[in-house]
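To start, the structure under review is shown below, and the notes come after it.
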Number of protein chains: 2
Amino acid sequence: LSEVGIVTGICGKFRKNSSTSLLDLACEPCVSIFKQYPDLKDEIDCVLFSTTSDIQYGSTILSEYLGIKSNISQRIDNLCNSGTNAIISGYSFVKAGLCETVLVVGADLKNTQGKRLNWDVTRGQFPFPVHWASLFAKSHMRKFGTTEEQMASVAVKNCNNAMKNPSAIHSKGITLDEVLQSKKIAGPIKLMDCSYVCDGASAVVIANKEKAKKFTDNPVWIRGIGSYVSSASFSGISDDLSSLKSAKIAARRAYDMAEVRPTDLDVVEVHDAFTIMEIISYEDLDLVAKGKGGEYVTNGNTMTNTRGGLLGSGHPLGATGIAQTVEIVEQLTGSAQGRQVQTPHRLGLVHNLAAAGSSAAIIILGGEH
Amino acid sequence: LSEVGIVTGICGKFRKNSSTSLLDLACEPCVSIFKQYPDLKDEIDCVLFSTTSDIQYGSTILSEYLGIKSNISQRIDNLCNSGTNAIISGYSFVKAGLCETVLVVGADLKNTQGKRLNWDVTRGQFPFPVHWASLFAKSHMRKFGTTEEQMASVAVKNCNNAMKNPSAIHSKGITLDEVLQSKKIAGPIKLMDCSYVCDGASAVVIANKEKAKKFTDNPVWIRGIGSYVSSASFSGISDDLSSLKSAKIAARRAYDMAEVRPTDLDVVEVHDAFTIMEIISYEDLDLVAKGKGGEYVTNGNTMTNTRGGLLGSGHPLGATGIAQTVEIVEQLTGSAQGRQVQTPHRLGLVHNLAAAGSSAAIIILGGEH
């Protein structure tokens, strides 16, 4: 089986209110890509549209907007990990030999129905995501002594990183005190512990080795993929509310497929829908030992969520997994500009959750150098 | 690359009004499959849900209903060819080595938003599918002398075939006169030239060679896949309104991949949303020469739409492409009961369109014998 690479990726500007249509929003990063690579558009033979919106035939309509004649066209949804799922589909179409050059686009407006998971009656009187984040935080604090300050430090780190990311919704840094003093939503989770669902779009181009090499000397290879669904409901996601079974299983599979260890990673994007989820993700990904996530964030961690994560960049559901992937691609190709922490990185990971971590998708990417 | 096969498939009963939820409907064919193959459920590592409904996280919720822990879970939409697209994804995940055993489920309720394509302003004052069918019919009649009787013969053949299909919505045959005397909708298209959008669900299980052989001595292999998007709007679908560019390109690709010719086919499912579309499909698939589709239907054609097609079986949008595939699987394994025209067939084709034929997906299946 031949290698599958990412030619390029662009993250559009995430906004609180874009005052535009979903399709126009989705076109933004695509148009930027085709400006940068004028010959690339004619090579696209598959368009995948990751969105939680209810736009039937959306990928085909988007293709028409962009002037692309594709072979395979699909709208793909799995809530907040729709983006990485669409990338996994693109990888598979190329690997299976059905396509050579795949445009994967993610876009959502902040009022998407995807914010709700009304069917899940196991949540009882606590239907909002912040309620489960509260349970996770309380469990982690009780078991491992994790503190509200450590959680707040995640928000500070990510919002400060976001200042260097022109696509991010947050453009100014925050202080620990501001997070700790922000409005309590569902204790111990405060307003600034929460990511903000917003308007946004992002896109990557996936290709087989020949096409990838045609367009760049510096492709990023998809080396590992792992995903797992533990449940669709809160009742089935975790045994102890301090870790996510879906992410742990997905990570192990991705590491096995890529034949790498957690210590080999240079840069990591984790799904910090809430600050506590970043701390738990360190542990689920085996970046640190179980229970040590809280310490890790205040201990000089510079390799996670360099773009600002969901907390700093905003969270347009269907675009998030692709935006995370774009960041890793930029870091691995030395094009992350002010956010570049070492040049160049060699190995990166994307950790993308959905619906209280009931499912997880993880992708490991490797740079050319 | 190893072979990818279909273990089994079941089509649920299509109904005018099922009085059930989309998810309960989707479970029906799955439960039937797991009754027949009790050990199969635990092997499922991917669930793909083809639907035009707006049920976010639908495949994951469906997995939960069914008690399946999957790795990859996606809701997939490309309007009326969502079903074959989901099968193409299942094939690719297996071929790429990410999954071994994939459950592909299609379901829709008749009131789905997928019936409308409101964005397509190129349709002007003629937004309903029957309007474009009328244009195609007029063009084909003018150019090739195709008659209303020939079109009506398609409906008669398919509704008579549907009498032998327990899943079909129509359970009694019709006469040529009944079709010709039925209410004119958009001349020359009459009520009985039109398929009926209804409630329905269908499912297939796709697997790698090892898993396929574990569960059946008689797997059906996916030998050819072709798909093409010519446009998302009526304005771009055809040069002459008597053939579909999407279907012609998709068919050529599928034939090339399978290394077979149209004359090699034993059984064919075509997307007869309207009678004229079946006639055009004969030509687009090169079963007959251009312009000869009208004659073909009255000339002893017994190999197409043995289950009754969309006209006889009903058309639950997201389920249709999968229901078509189930029919070919049954024909190729000699299990089509009263509909079995030769035992067993060796090579079959599924032709699945969306939105006025603006996109087409074609799958060629080969029996074991």
Side-chain angles (χ1 to χ4, degrees), chain A residues 1 4 23 47 52-65 68-79 82 85-86 88-89 91-98 112-114 116-117 119-120 225-233 236 249-250 253 257 317 354-355 358-359 361, chain B residues 1 4 23 47 52-65 68-79 82 85-86 88-89 91-99 112-114 116-117 119-120 225-233 236 249-250 253 257 354-355 358-359 361:
Chain A
L1 289 174
V4 179
L23 285 165
V47 175
T52 67
S53 77
D54 59 350
I55 180 165
Q56 283 82 8
Y57 217 38
S59 58
T60 303
I61 300 172
L62 178 61
S63 302
E64 179 101 352
Y65 270 52
I68 292 171
K69 307 282 187 196
S70 65
N71 298 343
I72 294 179
S73 174
Q74 295 183 356
R75 174 176 66 123
I76 294 171
D77 154 54
N78 200 48
L79 277 187
S82 300
N85 263 290
I88 291 170
S89 288
Y91 166 89
S92 300
F93 294 144
V94 172
K95 199 81 172 174
L98 296 181
T112 174
Q113 280 193 54
R116 294 183 288 270
L117 198 61
W119 86 278
D120 185 3
I225 290 174
S227 65
Y228 189 70
V229 176
S230 58
S231 172
S233 58
I249 293 176
R253 287 187 179 149
M257 180 172 160
L317 309 190
S358 53
S359 67
Chain B
L1 290 174
V4 179
L23 284 165
V47 175
T52 66
S53 76
D54 59 351
I55 179 164
Q56 282 83 6
Y57 217 39
S59 57
T60 304
I61 300 172
L62 178 61
S63 301
E64 179 101 351
Y65 270 52
I68 292 171
K69 307 280 186 198
S70 66
N71 299 342
I72 294 179
S73 173
Q74 295 183 354
R75 175 176 66 123
I76 294 171
D77 154 55
N78 199 49
L79 276 187
S82 300
N85 263 290
I88 291 169
S89 287
Y91 166 89
S92 300
F93 293 143
V94 172
K95 199 83 173 173
L98 295 181
C99 299
T112 173
Q113 281 192 53
R116 295 184 286 270
L117 199 60
W119 86 279
D120 185 3
I225 289 173
S227 64
Y228 190 70
V229 176
S230 57
S231 172
S233 58
I249 292 175
R253 287 188 179 147
M257 179 174 162
S358 53
S359 68

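Each chain gets a letter, A, B and so on, in the order its sequence line appears, and its residues count up from 1.
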At a 4.5 Å cut-off on heavy atoms, which part of [X] comes close to chain A: side chain, backbone, both, or neither?
X: Ile68(B); result: neither
X: Ala361(B); result: neither
X: Ile61(B); result: both

Using side-chain heavy atoms (C-beta onward) and a distance below 4.5 Å, is Tyr91(A) in contact with Ser92(B)? no
For residues Val4(A) and Lys95(A), report the shortest heavy-atom separation together with the two atoms involved.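 Here Val4(A) and Lys95(A) meet closest at CG2-CD, 3.8 Å.
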Of the backbone (N, CA, C, O) and the side chain (C-beta and beyond), which part of [X] lies under 4.5 Å from a heavy atom of chain B, both, or neither?
X: Glu64(A); result: side chain
X: Leu98(A); result: side chain
X: Ile55(A); result: backbone

Whether Gln74(A) side chain and Ile76(B) backbone form a donor-acceptor pair below 3.5 Å: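 No, because the side chain of Gln74(A) does not come within donor-acceptor range (under 3.5 Å) of the backbone of Ile76(B).
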Who are the side chain to side chain donor-acceptor pair (under 3.5 Å) partners of Ser53(A), not counting sequence neighbours?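 Side chain to side chain donor-acceptor pair (under 3.5 Å) check on Ser53(A) returns Thr51(A).
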What residues form a side chain to side chain donor-acceptor pair (under 3.5 Å) with Ser358(A), not counting sequence neighbours? Tyr57(B)
Counting heavy-atom pairs under 4.5 Å to chain A, which of [options] comes out on top?
options: Ser63(B), Ala354(B), Ala86(B); answer: Ala354(B)
options: Ser359(B), Ser82(B), Gly226(B), Ala250(B); answer: Ser359(B)
options: Ile225(B), Leu79(B), Asp54(B), Asn71(B); answer: Asn71(B)
options: Ser59(B), Gly58(B), Ala355(B), Ser70(B); answer: Ser70(B)
options: Ile72(B), Thr112(B), Ile249(B); answer: Ile72(B)

What residue, out of Val229(A), Asp77(A), Asn85(A), has the most heavy-atom pairs lying under 4.5 Å from chain B?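 The answer is Asp77(A).
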With a 4.5 Å cut-off on heavy-atom pairs, point out which of Met257(A), Arg75(A), Arg253(A) contacts chain B the most.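 The residue among Met257(A), Arg75(A), Arg253(A) with the greatest pair count is Arg75(A).
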Let me see the working for Thr60(A) and Ser73(A) under side chain to side chain donor-acceptor pair (under 3.5 Å), right down to the final yes or no. CA-CA 6 Å; Thr60(A) 303; Ser73(A) 174; 2.7 Å; yes
